[in-house]
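Numbered from 1 within each chain, the chains take letters A, B, ... in sequence-line order. All of these numbers come straight from a predicted model, not from anything done at the bench. Note that these values count all heavy atoms, side chains included, but never hydrogens, waters or copies made by symmetry.
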2 protein chains.
Amino acid sequence: MQASKSTNLELLMLERAASQNTNQWVYQLLRTNLLCGKVQPGLPLTIRGVAEALGVSPMPVREAFHRLACEGAVEVKNNRRVIVPIMTAEKFSELCDLRILLETHAAQSALPYIRDPDIVSLELIDGKIDEAVQEGNVENMSLLNQDFHRTLYSANPFQIVVPLIESLWLQLGPFSRIAISKLEKIYIVDRHVEAIAALKQQNSFALRRAIEADIRDGIASINSVEGIHNYFEGVA
Amino acid sequence: MQASKSTNLELLMLERAASQNTNQWVYQLLRTNLLCGKVQPGLPLTIRGVAEALGVSPMPVREAFHRLACEGAVEVKNNRRVIVPIMTAEKFSELCDLRILLETHAAQSALPYIRDPDIVSLELIDGKIDEAVQEGNVENMSLLNQDFHRTLYSANPFQIVVPLIESLWLQLGPFSRIAISKLEKIYIVDRHVEAIAALKQQNSFALRRAIEADIRDGIASINSVEGIHNYFEGVA
DNA sequence: TCGAATTTAATGTGATCACAAACTTTCAAT
DNA sequence: ATTGAAAGTTTGTGATCACATTAAATTCGA
C-alpha cells in the first residue's frame, strides 16, 4: 500500500487471475500501466520499490523488468538503473512509420483468413469502444482499440508480426493515451467501420487504407495537442 | 562438461568478457547458439540442464530463457517446457516477408545518415566475410553477414527497428545456417557490393533492391537444399 | 502381456540471503 | 562556504532452498 522509498509511484492495480502465476501477474500489471501511460517517462524504477508496492518478492519484478526491457518498454541505463524511456521527436516519427508498415502488412496477410465469426468479434469490440467513448473511459478506449487491431491481425494463425507490433505499442505507450483522449471520437469508429467493410468485401487495398488512416488519425491528434512537445525529451 | 541428464545438448562455448555479468554471458551464449543453428528445433531445454552444462546457477538461465521466449527464439509450452520452436512452411514464408519489409525500410531510413566511416566499416566486414568464405567457416559467415546488416541499419541513430529485425533472425536461426552453408558464395559479396555502391551514390531505390535481393538469395538457396522439408514440422 | 494406478524423480517457481557496485549523506579541511 | 573523502545506505546480482506441479518409472491387476 505504501509507496516505495525513492519513488512514490502510483500503479493501476489489476486483479490477479487464478490461472496466472506471480511472474505473469507482475508482468501484465506493469505492461498495462506502461501501455496506458500511468507511469511517466523518465521515472526511475527500482526492483525493490515495485516489489514492495506490489507485495511480492523482488524476483518476479526482476524478470518483468528484463522482459519489458527487451521489448523496449523500459530502458536499462548503464548505471543499471531502469527508467521509462524518454520520447524524442525522431523516435516518435520512426515508431509511427513502423506501425503503418507493420500493421498494414499484418492486416493484409490476415485478410484471407477472415471468417464471419471474426467479423462478429470485431463488431462486438467496436460496440464496446462506442460504450467506452460514451462513458469517457480513456483506459478502456485505449485497451479496446488495441484489442480491435490485435484481433484483426491474429486471424492469421501463422502470424509472426503481432509481438513486434505490440512492442511498438509499448514504446508509444504514454502517447497513445494522449492520442485517444484528444481524438475526435467519431473518427475511431469510422475507420474501424471502414476496415470492417473492407474485410467483408475482401478488399485488400481498402483495408490497408483504413488501417493506415486509423493510425494517421492518432498521430494527427497527438500533433494537434497543445504543448505536446513538453512531453518530448523533457524530464518529468 | 558433462551433458545434462534428460538432453545431451552440445553448446558452442563463448569466452566470457570481463565486463559482462553472468546474466549477459548466458544470454549471449544461448542466443549465439540459436542464431547459428547449434541447437536443433524441437529439442527440449531445461533450466537445470543448461545451468549444469554452463556451470552456473539456474537463475541466469531462467532469465535468459524468458528473454529469448519474448523474442520468439524459444517457445514455452503450456506444460511449461521450453523448446526450440519447430519451423513450418507458413512461418518461414511470413518471416521472410517480414525480413524484406523491415530490412528494406531500415536500410532506406539509415541511408541519409551514412558517412564515409560507415562505408569503411561495411567494406571491412565484407572483407572479413570473404576471408570466412575462403576458410569455409560457416559460423563466421553467418555472424559476419548479420554484422553487415546490423552495421548498415544502425547508422540511423534513432533506429527502432533493429531489435525487431534481430528477433526475426533469431526465429530463422537454424535455417540461416543452412542458407549460408549452401549459398553460392559469390552472391553474398555481390549483393553487399551492390548495397555499398548504392550507399555511395545515395541511391535509395538501388539500396532497397540490393537488400531485398540479398535476402531473397538466402531464401532461394534454402529452398534449393535437397530434403529441406525434413527440417519443417518434423521432430528431430 | 498389456494397461492403468501409484510412486518416484525432475522441473519451474518464488522467496530469502550474502555480496559487490553505485549512490547518498556526512563531516572535516581548505 | 566549498570541496573532498569516507562512512553508510540503497540497489542489482546470483546462489540456495522449499514447495507445488508435472513427467517418468514402477508396480499391480486383468
* Distance test, side-chain N/O of A:Thr22 to OP1/OP2 of C:dG14, below 4.0 Å -> yes

* B:His66 side-chain N/O to C:dT13 phosphate OP1/OP2 under 4.0 Å -> yes

* Asked: B:Asn21 side chain N/O closer than 4.0 Å to the phosphate oxygens (OP1, OP2) of D:dG12?
  -> no

* When only distance counts, do a donor and an acceptor, one from the side chain of B:Arg48 and one from the base of C:dG12, lie under 3.5 Å apart? -> yes

* Asked: Would A:Arg115 and A:Asp118 pass as an ion pair if we require N to O under 4.0 Å?
  -> no

* Taking CZ from B:Arg62 and P from D:dA15, how many angstroms apart are they, rounded to a whole number? -> 12 Å

* Structure fact -> A:Trp25 CH2 to C:dA15 P, in whole Å, measures 10 Å

* Passing option when A:Leu30 is tested against A:Val26, A:Thr32, A:Asn33 for side chain to side chain contact (heavy atoms under 4.5 Å, CB included) -> A:Val26

* Asked: Quick one: on DNA chain C, does B:Val82 or A:Gly55 contact a more 5' nucleotide (nearest heavy atom)?
  -> B:Val82

* Value in whole Å for how far the P atom of D:dT13 lies from CZ of B:Arg67 -> 11 Å

* Over how many whole Å does the gap from A:Lys77 atom NZ to D:dG12 atom P extend? -> 15 Å

* Structure fact -> Heavy-atom nearest pair, A:Trp25 first then A:Leu14, reads NE1-O, 3.1 Å

* Could you tell me which non-hydrogen atom of B:Ala110 sits nearest to which non-hydrogen atom of B:Gln159, and how far apart they are? => CB-OE1, 4.3 Å

* Asked: What's the CD-P distance between B:Glu63 and C:dT13, to the nearest Å?
  -> 12 Å

* B:Phe65 CZ - C:dT11 P separation (whole Å) -> 11 Å

* Whole Å only: how far is the CD atom of A:Gln24 from the C1' atom of C:dG14? -> 13 Å

* Figure out the CE/P separation between A:Met59 and C:dG12, and round it to whole Å. => 15 Å

